[in-house]
Amino acid sequence: MVSAAHRRIRAWVIQTPAEDASDAFAEAGARVFFKMENLQRTGSFKLRGATNRILALTPTQQRRGIIAASNGNHGLGVAAAALRAGIAAEVYVSDQVAPSKAERIEKMGARIRRAGTNPLDAELAARAAAEKTGRVFISPYNDLEVIAGQGTIAVELLEQLP
């Protein structure tokens, strides 16, 4: 599943470098590498999972649009991937969302919906809206396609550090 996700998203995400940070851990004698996912268009690895999930949608699901809930990086990933795929997206956020995150999500073309005082309230509202409208809810943590997309980091690491 992860290999298929890697093939699916490779043209959509940056193959980020793996920077050798072993010098900082010399006392431990460990080889340590940092996978520089901060260099993705959205600043995090969350773009990988969102992209894989969106690219796995059926044509009918694409036409309906998608819904997500996130106060941060998952919302940015969903918005960016949906924009590139030409799919309508709504991202539910709580009152705890940083204004700058909400603004970035909106600038990427997603419609912001405010719901509740905490992320769980936003997620519950998003799930209810998805069920009511027949749109796919894209979970940041409970969706095999999202997990597989995020797992593509391991495929890259195996290629970069055989």
Side-chain angles (χ1 to χ4, degrees), residues 1-21 32-94 97-113 119 122-123 125-127 129-131 133-162:
M1 188 168 207
V2 174
S3 294
H6 179 65
R7 287 188 300 277
R8 186 180 295 130
I9 72 169
R10 74 179 331 149
W12 287 57
V13 299
I14 297 166
Q15 181 173 344
T16 56
E19 296 291 327
D20 190 344
V32 176
F33 293 83
F34 292 141
K35 187 75 167 124
M36 305 301 290
E37 286 296 293
N38 60 307
L39 300 177
Q40 292 294 349
R41 264 185 316 136
T42 59
S44 85
F45 73 99
K46 293 288 192 166
L47 178 61
R48 293 173 179 274
T51 298
N52 191 52
R53 182 63 180 103
I54 285 171
L55 292 177
L57 294 172
T58 68
T60 299
Q61 291 169 329
Q62 291 173 7
R63 282 190 298 279
R64 287 184 184 146
I66 54 94
I67 293 179
S70 170
N71 275 0
N73 292 332
H74 177 67
L76 289 170
V78 167
L83 176 65
R84 185 164 176 191
I87 296 170
E90 282 186 355
V91 177
Y92 281 67
V93 299
S94 76
V97 69
S100 61
K101 287 278 188 183
E103 185 178 308
R104 285 184 64 203
I105 291 168
E106 283 184 308
K107 282 185 178 180
M108 290 186 189
R111 182 176 186 180
I112 291 284
R113 297 279 194 176
E123 180 175 336
R127 285 181 182 275
E131 187 170 320
T133 62
R135 290 180 282 171
V136 171
F137 174 75
I138 300 181
S139 173
Y141 58 86
N142 196 17
D143 183 302
L144 290 178
E145 296 291 354
V146 171
I147 295 165
Q150 293 169 353
T152 62
I153 292 171
V155 176
E156 287 185 14
L157 282 169
L158 289 171
E159 291 173 350
Q160 293 169 314
L161 307 169

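Nothing fancy with the numbering, it's 1 onward along the sequence.
- Atom CD1 of Ile9 and atom OG1 of Thr51 lie 6.0 Å apart (nearest 0.5 Å).
- Looking at Leu76 and Met108, their side chains come closer than 4.5 Å, going by heavy atoms from C-beta outward.
- Checked by atom type and distance alone, the side chain of Gln160 pairs as donor or acceptor with a backbone atom of Thr16 at under 3.5 Å.
- Ile138 is listed as a side-chain neighbour of Val136, based on a closest heavy-atom distance under 4.5 Å.
- In this structure, a donor-acceptor pair under 3.5 Å is absent between the side chains of Ser44 and Glu37.
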* To do: Tell me, with the steps shown, if Ile54 and Ile87 meet side chain to side chain contact (heavy atoms under 4.5 Å, CB included).
  => CA-CA 9 Å; Ile54 285 171; Ile87 296 170; 3.6 Å; yes
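- Closest heavy-atom contact between Ala126 and Ala69: CB-CB, 3.8 Å.
- Side-chain atoms of Leu47 and Arg41, non-hydrogen and from C-beta on, do get closer than 4.5 Å to each other.
- Distance CD1/Ile67 to OG1/Thr133: 4.0 Å, rounded to 0.5 Å.
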* To do: Go through the steps to decide whether Arg10 and Glu156 satisfy the test salt bridge (Lys or Arg N to Asp or Glu O under 4.0 Å), and finish with yes or no.
  => CA-CA 10 Å; Arg10 74 179 331 149; Glu156 287 185 14; over 6 Å; no
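- The structure places CG of Asn73 at 3.5 Å from NZ of Lys101, a figure rounded to the nearest 0.5 Å.
- Between Pro17 and Leu39 there is a side-chain heavy-atom pair separated by less than 4.5 Å.
- Inter-residue side-chain proximity for Arg63 and Gln61 is flagged as unmet; no heavy-atom pair is nearer than 4.5 Å.
- Remark: the backbone N or O of Ser94 is paired with a side-chain donor or acceptor of Asn71 at under 3.5 angstrom.
- Remark: the backbone N or O of Phe33 is not paired with any side-chain donor or acceptor of Glu19 at under 3.5 angstrom.
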* To do: Under the side chain to side chain contact (heavy atoms under 4.5 Å, CB included) rule, what do Leu55 and Arg8 come out as? Steps first, then yes or no, please.
  => CA-CA 7 Å; Leu55 292 177; Arg8 186 180 295 130; 3.4 Å; yes
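- Residues Lys46 and Gln40 have side chains that never bring a donor and an acceptor to within less than 3.5 angstrom of each other.
- Taking every heavy atom of both residues into account, Ala21 and Phe34 meet most closely at CB-CE1, 3.4 Å.
- Between Tyr92 and Ala129 the shortest heavy-atom distance is OH-CB, 3.1 Å.
- In terms of heavy atoms, Val91 sits closest to Ser70 at CG1-O, 3.9 Å.
- The closest side-chain donor-acceptor pair between Gln150 and Tyr141, if any, does not fall under 3.5 angstrom.
- His6 NE2 to Arg48 CZ: the interatomic distance, rounded to the nearest 0.5 Å, is 8.5 Å.
- Panel note: side chain Thr152, backbone Val155; no donor-acceptor pair is recorded below 3.5 Å.
- Residue Ala130 comes nearest to Phe137 through the heavy atom pair CB-CB, 3.8 Å, listed as atom of the first residue, atom of the second, then distance.
- Taking CD1 of Ile105 as the start and NE2 of His74 as the end, the distance is 9.5 Å to the nearest 0.5 Å.
- In this structure, Val146 and Ser139 approach most closely via the heavy-atom pair CG2-O, 3.4 Å.
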* Under the side chain to side chain contact (heavy atoms under 4.5 Å, CB included) rule, what do Met1 and Glu145 come out as? Steps first, then yes or no, please. => CA-CA 8 Å; Met1 188 168 207; Glu145 296 291 354; 3.8 Å; yes
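- A donor-acceptor pair is defined here as one N or O able to donate and one able to accept, closer than 3.5 Å; no such pair exists between the side chain of Glu106 and the backbone of Glu103.
- Gln62 contributes atom CD, which lies 6.0 Å from atom CG of Leu57 (distance to the nearest 0.5 angstrom).
- By the 4.5 Å heavy-atom criterion applied to side chains, Leu157 and Lys35 are counted as neighbours.
- In this structure, Gln15 places its CD atom where more than 12 heavy-atom neighbours from other residues, nucleotides or ligands lie under 6.0 Å away.
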